Amino acid sequence: MRRVLALLGIPLLALSACATPGAGPGGTPPAGPDQRPVFTERAEEVVAGWRPGPGWHDGYVPLQDATVLTGEPGFTAETKTAFGAGWYRDQIPMPADVPPDGTIRFPDGTLRVPLVSAADAYARLDQGDPPPCDGRPAAPDPAPTGSPGPDDPVSTSASTPCIPLTVTEVRLDSAPVWTSRGRAEVPAWLFTVDELAVPVARVAVAPRVTGGVPDGAVPGEPLPAGLVSAQQLRAVEGNRIDYLLGVGACDGPPTPMVLERPDVVVIGGAVVSPTGPCTMQLVLKPVSVTLAAPVGGRVVLDAGSGAPLTVRPG
């Protein structure tokens with residue numbers, strides 16, 4: 001059966017610095033078998049198989065999307081939808097001149113990189129127009145006589161929010177980006193948007209020098225029963241990692257699990273599986289862990305796939 005994704009907005013499960021990884025709320029062991037030894041064995045396999053790709057330690061490998069918010073945007077339901085979908089309209093001419101090389105500032109040094117123009121950055125930022133909605137026709141009105149043709153709209157409105165974000169100014173600056181070398185200040189075009197409280201940044205680094213995230217070395221065996229994978233990172237701040245676990249619809253409350261090593265952090269989770277029948281759903285549940293030391297430039301790997309995880313704020 002098809003697995004259905006559902007994101008549930010439940011509170012984060014905190015794992016304090018003094019709690020044992022794999023412990024339940026308040027540091028007490030989770031219900032069911034203790035999965036810490038099984039998780040540790042699996043995580044060690046992931047660490048042993050990790051092989052960073054070219055540029056991981058000396059280049060620019062971003063671990064989040066190239067479109068970045070520069071602060072709290074003050075979203076409404078409509079503007080959040082527009083931002084997620086990439087709906088923009090420009091009210092200014094976009095400069096097509098390519099600026100001189102810029103500098104990325106990493107915690108461990110700097111890197112000079114070629115940049116793209118504001119026009120190029122905007123072309124990658126803008127993902128098209130929103131669908132038609134109440135008060136705005138889907139397309140030019142059909143001919144006044146006769147039945148609609150095959151290319152005529154069948155509806156003049158949509159049930160979802162459909163406003164674009166209005167760009168009124170652009171300037172070259174920088175934005176914080178999570179990378180393989182930790183959090184960096186990266187050259188970015190900042191687009192002022194009428195509907196948001198802060199500019200929307202689009203990374204200005206030329207794609208030809210932007211490294212890709214390598215695949216992880218997937219362990220030979222699937223995750224042991226009772227363990228679940230980390231799906232994505234929601235935030236990495238200091239020694240705290242917020243992330244999403246993929247659990248079954250009838251699984252018990254998840255317990256975050258983590259293994260720290262000098263260059264690598266492996267995360268996942270443990271659940272108590274149901275004994276009776278259950279629907280085949282994958283539910284994303286937010287959890288967090290607090291590490292013994294800041295993440296810094298360490299890679300964060302998923303215990304299931306062995307792959308590096310990227311930041312996608314939820």
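Quick caveat, the model's predicted, so the values are computed rather than measured.
The 12-atom threshold is not exceeded at CZ of R124, counting heavy atoms of other residues, nucleotides or ligands nearer than 6.0 Å. Counting heavy-atom neighbours within 6.0 Å of R208 CZ, excluding the residue itself, gives a total of 12 or less. By the 6.0 Å contact criterion, CD on Q127 is enclosed, its count of non-hydrogen atoms from other residues, nucleotides or ligands being greater than 12.
Electrostatic pairing of D108 and R181 counts as a salt bridge here, judged by a charged N lying under 4.0 Å from a carboxylate O.
Within the model, atoms CH2 of W189 and CG of D173 stand 10.5 Å from one another, a figure rounded to the nearest 0.5 Å. Note that the CG atom of D120 and the CG atom of D97 stand 12.5 Å from one another [nearest 0.5 Å]. L245 contributes atom CG, which lies 10.0 Å from atom CG of L282 (distance to the nearest 0.5 angstrom). Here the CG-CD1 distance, from L291 to I241, works out to 4.5 Å after rounding to the nearest 0.5 Å. How far CG of L125 is from CG of L165: 8.5 Å, rounded to the nearest 0.5 Å. For the atom pair CG (L309) and CG (L301), the distance works out to 7.0 Å, reported to the nearest 0.5 Å.
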Criterion side chain to side chain contact (heavy atoms under 4.5 Å, CB included) on W87 and T81, from CA distance to verdict: CA-CA 9 Å; W87 297 334; T81 297; 3.8 Å; yes

Verdict with supporting geometry, D242 and R240, salt bridge (Lys or Arg N to Asp or Glu O under 4.0 Å): CA-CA 7 Å; D242 298 338; R240 178 186 172 101; 2.8 Å; yes

V264 and V46: CA distance, side-chain angles, deciding distance, side chain to side chain contact (heavy atoms under 4.5 Å, CB included) verdict: CA-CA 10 Å; V264 175; V46 170; 5.9 Å; no

Step-by-step side chain to side chain contact (heavy atoms under 4.5 Å, CB included) determination, T67 to F83: CA-CA 10 Å; T67 299; F83 175 79; 3.9 Å; yes

Worked check of side chain to side chain contact (heavy atoms under 4.5 Å, CB included) between T310 and Q64: CA-CA 5 Å; T310 56; Q64 67 179 81; 5.7 Å; no

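The shortest distance between side-chain heavy atoms of R202 and D65 falls below 4.5 Å. Residues R298 and R261 have side chains not in contact (no heavy-atom distance under 4.5 Å, counting atoms from C-beta outward). Considering only heavy atoms from C-beta on, P187 stays 4.5 Å or farther from T103 through its side chain. Counting heavy atoms from C-beta on, the side chains of W50 and D263 never come closer than 4.5 Å. Here the side chains of F39 and T255 are not in contact, with every heavy-atom distance at 4.5 Å or above.
Hydrophobic clustering (ILVMFWY, side-chain heavy atoms < 4.5 Å, transitive): L190 and V193 are in distinct clusters. Neither V98 nor V113 shares a network with the other; the hydrophobic side chains, linked directly or stepwise wherever heavy atoms of I, L, V, M, F, W or Y lie under 4.5 Å apart, form separate groups for each. By the criterion of side-chain heavy atoms lying less than 4.5 angstrom apart, applied directly or through intervening Ile, Leu, Val, Met, Phe, Trp or Tyr residues, I163 is not grouped with V200; the two fall into different hydrophobic clusters. Taken together through direct or relayed side-chain contacts under 4.5 Å among Ile, Leu, Val, Met, Phe, Trp and Tyr, V203 and L172 form part of one hydrophobic cluster. When the side chains of ILVMFWY residues are joined at heavy-atom separations under 4.5 Å, either directly or via intervening members, Y243 and L259 end up in a single hydrophobic cluster.
The two residues G246 and L284 have their closest heavy-atom pair at CA-CD2, 4.0 Å. Taking every heavy atom of both residues into account, V116 and P207 meet most closely at CG1-CD, 3.9 Å. The minimum heavy-atom distance linking A96 with A119 is given by the pair CA-CB, 4.1 Å. For E260 against A293, the heavy-atom pair with the smallest separation is OE1-N, 3.7 Å. When every heavy atom of P114 is checked against every heavy atom of D101, the shortest pair comes out as CA-OD1, 3.3 Å. Of all heavy-atom pairs between R183 and E237, the closest is NH2-OE2, 3.6 Å.
Classification of the Y88-Y122 ring pair by plane angle, with boundaries at 30° and 60°, yields perpendicular. Ring geometry, F106 versus Y60: the interplanar angle falls from 30° to 60°, so the pair is classed tilted.
At distances below 3.5 Å, at least one donor-acceptor pair connects side-chain atoms of D302 with backbone N or O atoms of A230. At least one donor-acceptor pair under 3.5 Å links the side chain of T70 to the backbone N or O of P199. Checked by atom type and distance alone, the side chain of R234 never pairs as donor or acceptor with a backbone atom of L244 at under 3.5 Å.
For Q91 and T166, the side-chain atoms include no donor-acceptor pair closer than 3.5 Å.
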